[in-house]
A.B. asks: 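This is the structure I want to talk about, given as structure tokens.
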Amino acid sequence: LQALGRNKRRQLQQILDSITAKIWYLDTNGRVVMQNAYATKVTGRSPKDASGKTLDLLLPSWDEPLRRQAQNLQALKSGTPILGSVESMHEEGCDIWCSVDRVPMIYKSKVAKGLLVIAHDITALKRTETELRVTQDRLQQIIDNIREVFWLYDVATKDFSYVSMALPM
């Protein structure tokens, strides 16, 4: 990243800014070198102000910020990506859920020269998951307390997927 000319770096910044995920590029010490516009919005700090700071300092609302910073350093040290970590942040009075990928940037030397941290917002998915769980619990309560005999038949498998407990055996 340091070797990129000003023009190439500006082009890279434009590409990163067009992505609707929080993206940070960290140096080998886990400090911010570059961030995209979405990350800037979340941290509330300009790229210049964020530069040189660790994410645990920029995002104190991150769940377990010190543990997350340790994961960043672990990915850098091992050179092994950490993909799909589900993490939460607290923004503007709301819990925000993200799927976070930590990808070491390894070049010819086979040593990580930096870390790309990409956080995709999965809040809507988590809310839907919670709503589905609540609906399943309510349905299970109804099923457990119904006194009528009923069954569920799966036409695709041509099999009974559920028979109520009210059915005498």
A.B. asks: Group every Ile, Leu, Val, Met, Phe, Trp and Tyr by side-chain heavy-atom contacts under 4.5 Å, then state whether Leu57 and Val33 land in the same group.
C.D. replies: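 No; tracing contacts between hydrophobic side chains, which count when under 4.5 Å, never links both residues.
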A.B. asks: Indicate if Leu115 and Met105 have the same hydrophobic cluster label, given that clusters are the connected sets of ILVMFWY residues with side-chain heavy-atom separations under 4.5 angstrom.
C.D. replies: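 Each belongs to a different hydrophobic cluster.
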A.B. asks: Between Asn36 (side chain) and Lys22 (backbone), is there a donor-acceptor pair under 3.5 Å?
C.D. replies: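 No, Asn36 side chain to Lys22 backbone: no donor-acceptor pair under 3.5 Å.
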A.B. asks: Under a 3.5 Å distance rule, please check whether Thr123 uses its side chain to pair with a backbone N or O of Trp97 as donor and acceptor.
C.D. replies: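 It does hold such a pair.
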A.B. asks: So, Asp27 side chain and Arg31 main chain: donor-acceptor pair closer than 3.5 Å or not?
C.D. replies: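 Here the side-chain-to-backbone pair exists.
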A.B. asks: Could you list all the salt bridge (Lys or Arg N to Asp or Glu O under 4.0 Å) pairs where at least one residue sits in residues 36-53, not counting sequence neighbours?
C.D. replies: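 Sorted pair list: Arg45-Asp49, Asp49-Lys53.
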A.B. asks: Return yes if a side-chain donor-acceptor contact under 3.5 Å exists between Gln69 and Asn72, otherwise no.
C.D. replies: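 There is such a pair (donor and acceptor under 3.5 Å, judged by atom type) between the side chains of Gln69 and Asn72.
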A.B. asks: State the CG-CD1 distance between Asp63 and Ile96, to the nearest 0.5 angstrom.
C.D. replies: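 It is 12.5 Å, given to the nearest 0.5 Å.
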A.B. asks: Where the side chain of Ser51 meets the backbone of Pro47, is there a donor-acceptor pair that is under 3.5 Å apart?
C.D. replies: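 No; judged by distance alone, with no hydrogens or angles, the pair does not exist.
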A.B. asks: Taking only residues two or more places apart in sequence or in another chain, which ones pass salt bridge (Lys or Arg N to Asp or Glu O under 4.0 Å) with Arg67?
C.D. replies: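 With sequence neighbours excluded, Arg67 shows a salt bridge (Lys or Arg N to Asp or Glu O under 4.0 Å) to Glu64, given in chain and number order.
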A.B. asks: Do Val117 and Leu58 land in one hydrophobic cluster if side-chain heavy atoms of ILVMFWY residues count as linked below 4.5 Å?
C.D. replies: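 Yes; tracing contacts between hydrophobic side chains, which count when under 4.5 Å, links both residues.
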A.B. asks: Checking the side chain of Glu87 only, and the main-chain atoms of Val100 only, is there a donor and an acceptor separated by less than 3.5 Å?
C.D. replies: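 Checked: no pair found.
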A.B. asks: Please output the side-chain donor-acceptor pairs of residues 76-83 that fall under 3.5 Å, not counting sequence neighbours, one pair per line with the distance.
C.D. replies:
from	atom 1	to	atom 2	distance (Å)
Ser78	OG	Gln74	O	3.0
Ser78	OG	Thr80	N	3.1

A.B. asks: Mind checking the OH-NE2 spacing from Tyr38 to His120? Nearest 0.5 Å is all I need.
C.D. replies: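 Here the rounded value is 11.0 Å.
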A.B. asks: If two hydrophobic side chains count as joined below 4.5 Å and joins carry through other members, does Ile23 share a cluster with Leu55?
C.D. replies: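 They do not share one cluster, since no chain of ILVMFWY contacts under 4.5 Å joins Ile23 to Leu55.
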A.B. asks: Atom OG1 in Thr43, atom CH2 in Trp62: separation rounded to 0.5 Å?
C.D. replies: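 Going from the OG1 atom of Thr43 to the CH2 atom of Trp62 covers 11.5 Å.
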A.B. asks: Would you sort out whether Arg102 and Arg68 count as a side-chain contact (heavy atoms from CB on, under 4.5 Å), showing the intermediate values?
C.D. replies: CA-CA 10 Å; Arg102 292 170 172 84; Arg68 301 307 177 193; 3.7 Å; yes
A.B. asks: Side chains of Thr40 and Gln35: donor-acceptor distance under 3.5 Å anywhere?
C.D. replies: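 Distance-only check passes for Thr40 and Gln35.
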A.B. asks: Kindly give the heavy-atom pair with the smallest separation between Tyr25 and Lys113, and that separation in Å.
C.D. replies: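 Heavy atoms only, the tightest pair is OH-O, 3.8 Å.
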A.B. asks: Under 3.5 Å, side-chain donor or acceptor atoms of residues 133-140 against the rest of the protein: list the pairs with distances, not counting sequence neighbours.
C.D. replies:
from	atom 1	to	atom 2	distance (Å)
Thr135	OG1	Glu131	O	2.9
Gln140	NE2	Asp144	OD1	2.8

A.B. asks: Are Met34 and Ile118 linked, directly or through intermediate hydrophobic residues, by side-chain heavy-atom contacts shorter than 4.5 Å (ILVMFWY only)?
C.D. replies: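 Same cluster.
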A.B. asks: Under the rule for side-chain hydrogen bond (donor to acceptor under 3.5 Å, both in side chains), what residues qualify as partners of His90, not counting sequence neighbours?
C.D. replies: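 Applying side-chain hydrogen bond (donor to acceptor under 3.5 Å, both in side chains) to His90 gives Asp95.
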A.B. asks: For Ile106, which fellow cluster members are found when Ile, Leu, Val, Met, Phe, Trp and Tyr are connected by side-chain heavy-atom distances below 4.5 angstrom, either directly or through intermediates?
C.D. replies: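 Via sub-4.5 Å side-chain contacts, Ile106 links to none.
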A.B. asks: Can you tell me how far the CG atom of Asp154 sits from the NZ atom of Lys158, to the nearest 0.5 Å?
C.D. replies: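 So the CG of Asp154 and the NZ of Lys158 are separated by 9.5 Å.
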A.B. asks: For the SG atom of Cys98 and the CD1 atom of Ile122, what is their distance to the nearest 0.5 Å?
C.D. replies: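 Taking SG in Cys98 and CD1 in Ile122, the distance rounds to 7.0 Å.
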A.B. asks: Which atom pair, heavy atoms only, marks the closest approach of Ala119 to Trp24?
C.D. replies: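 Here Ala119 and Trp24 meet closest at CB-CZ3, 4.4 Å.
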